[in-house]
Amino acid sequence: MSSSEFKLIEHYFVRPAHAQRNRGVVLGIGDDAALLQVPAGQELAVSVDTLISGVHFPEHTAPADIGHKALAVNLSDMAAMGAEPRWATLALTLPEVDAAWLEGFSAGFFALAERYNVTLVGGDTTRGPLSITVQMHGLVPQGQALRRAGARPGDLIYVTGELGDAGLALRSLQGEIRLSPEYAAYSLARLNRPEPRIAAGLALRGIAHAAIDISDGLAADLGHILTASKVGATLHLERLPLSAGVASAVKKTGDWSLPLSAGDDYELCFTVPVKNESGLHDVLEHFACRSTCIGIIEDTLGLRCELADGKIVTPDMKGYEHFA
């Protein structure tokens, strides 16, 4: 590592040592590897995501938004597992050293990290096309992690928040649709600054049978639960939680692809047995977002999306595919 790379890391990414010691960090940034202390009775949840310029965020996205999103998508994985986020590593590839960009990126990254008490414990910087890779580490009590392979026939299917706004923003940026200033601002915030549902994920431990975060689209990600659990499902499309902008777009076109397959929502989709409904409603009162029942898990394999008049809509089950 060159001296300039050390200076870059020290200036933009090193935080006070006392914060690291308080979060189970034996040794943080500055050595060949971090040393982390996992408490007894806890399991370590690990996830990693890469964001590529022009693929996961438009090329002219503000650096603070990129920093936020790079961490948020990994926090969303922790939420889906019912894990408490603790530590992160960051691999940053830059075409050049741009002080203003790095200042904005690190501000967005650490503002979200501080909200969820996440400590950056290591990483790497390289030169090349802009890309950001974050690895997240979290803790979950032994045997209590939420998984995809747990849904059972009769379970109710829920989602947090609203669906389709990030896809709406992307279509607007690509010139496919025109939005009012109000809808444009709201949907763009949902695309650039997704809100990880950590509190919901932690509250669902012991209540939900299965969970996943919605990154590739509801149909595709629910499909992963169905495949892992060897079950099917019926969704009631009119129950899907939609913002006014998405609801308007669906009403005008009759096209349900925004909430079903556009992706980048980073909400939670989870299944709950009827016997746990009362407990779910108790914890829902403390969620910072709405949570909506949208369907039911069934024995018959496959996903059926049903309108109020009984008509079946066939969704795109693939979601976004990098190598399609």
Side-chain angles (χ1 to χ4, degrees), residues 1-20 23 25 28-31 34 47-77 85 87-136 165-175 179 181-196 215 264 266:
M1 184 185 293
S2 67
S3 60
S4 60
E5 188 177 354
F6 274 120
K7 291 178 181 177
L8 185 155
I9 292 171
E10 183 176 0
H11 183 76
Y12 294 105
F13 299 108
V14 174
R15 288 300 187 262
H18 66 81
Q20 298 180 357
R23 296 293 293 170
V25 180
I29 293 174
D31 222 296
S47 69
V48 63
D49 277 293
T50 296
L51 271 62
I52 304 293
S53 177
V55 177
H56 298 96
F57 54 88
E59 292 181 359
H60 299 294
T61 302
D65 290 341
I66 299 172
H68 174 102
K69 188 169 185 177
L71 185 61
V73 300
N74 283 272
L75 288 170
S76 185
D77 287 331
W87 312 294
T89 58
L90 168 66
L92 186 59
T93 300
L94 300 167
E96 60 183 355
V97 175
D98 181 331
W101 191 96
L102 284 164
E103 198 72 52
F105 175 87
S106 60
F109 184 95
F110 283 111
L112 188 61
E114 289 168 7
R115 280 178 54 197
Y116 290 102
N117 295 317
V118 171
T119 302
L120 183 67
V121 295
D124 190 25
T125 56
T126 55
R127 182 168 184 159
L130 179 60
S131 71
I132 304 102
T133 298
V134 174
Q135 185 179 62
M136 178 65 63
D165 288 297
L168 187 68
L170 191 57
R171 290 187 186 183
S172 176
L173 291 172
Q174 293 171 341
L179 298 175
E182 180 185 3
Y183 288 168
Y186 178 78
S187 61
L188 187 61
R190 293 279 287 139
L191 173 66
N192 288 338
R193 287 183 171 258
E195 185 61 38
S215 56
D264 255 2
Y266 297 102

Subject >> Side-chain heavy-atom pair L112, R115 within 4.5 angstrom cut-off >> reply: yes
**OP:** Please answer whether the main-chain N or O of P194 pairs with a side-chain N or O of H68 as donor and acceptor at a distance below 3.5 Å.
**Re:** yes
Original post:
Do T89 and V121 touch side chain to side chain, with heavy atoms closer than 4.5 Å?
Top reply: yes
**OP:** Give, for atom OG of S76 and atom CG of D49, the distance between the pair rounded to the nearest 0.5 Å.
**Re:** 9.0 Å
Original post:
Which heavy atom in I52 sits nearest to a heavy atom in S131, and how many Å separate them?
Top reply: CD1-CB, 3.3 Å
Subject >> Among R193, R190, K69, the one residue meeting salt bridge (Lys or Arg N to Asp or Glu O under 4.0 Å) with D264 >> reply: K69
**OP:** Name all residues meeting the side chain to side chain donor-acceptor pair (under 3.5 Å) criterion together with Y186; count only those two or more places apart in sequence or in a different chain, and write none if there are none.
**Re:** E162
Original post:
Got a sec, which residues hit side chain to side chain contact (heavy atoms under 4.5 Å, CB included) with S47, two or more places apart in sequence or on another chain?
Top reply: N74, D77, M78, M136
Subject >> Atom CD of Q174: over 12 foreign heavy atoms under 6.0 Å >> reply: yes
**OP:** State the CG-CG distance between L188 and L173, to the nearest 0.5 angstrom.
**Re:** 6.0 Å
**OP:** Please lay out, stage by stage, how L75 and Y116 fare under the test side-chain contact (heavy atoms from CB on, under 4.5 Å).
**Re:** CA-CA 9 Å; L75 288 170; Y116 290 102; 3.8 Å; yes
For residues 94-102, tabulate all N or O donor-acceptor pairs below 3.5 Å that involve a side-chain atom, not counting sequence neighbours.
| unit_1 | atom_1 | unit_2 | atom_2 | d |
| --- | --- | --- | --- | --- |
| D98 | OD1 | A100 | N | 3.1 |
| D98 | OD1 | W101 | N | 3.1 |

**OP:** Identify the residue among L90, T50, T93 that makes a side-chain contact (heavy atoms from CB on, under 4.5 Å) with I132.
**Re:** L90
**OP:** Apply side chain to side chain donor-acceptor pair (under 3.5 Å) to Q135 and list each qualifying residue two or more places apart in sequence or on a separate chain.
**Re:** H137
**OP:** Name all residues meeting the side chain to side chain donor-acceptor pair (under 3.5 Å) criterion together with S53; count only those two or more places apart in sequence or in a different chain, and write none if there are none.
**Re:** none
**OP:** Search all heavy atoms of A88 against all heavy atoms of V134 and return the closest pair with its distance.
**Re:** CB-CG1, 4.3 Å
**OP:** Starting from the C-alpha separation in whole Å, work towards a yes-or-no answer on side-chain contact (heavy atoms from CB on, under 4.5 Å) for L120 and F110.
**Re:** CA-CA 9 Å; L120 183 67; F110 283 111; 3.8 Å; yes
Subject >> Straight-line distance of I66 CD1 to F109 CZ, nearest 0.5 Å >> reply: 13.5 Å
**OP:** Mind checking side chain to side chain donor-acceptor pair (under 3.5 Å) for S187 and listing every partner two or more places apart, or none if nothing turns up?
**Re:** none
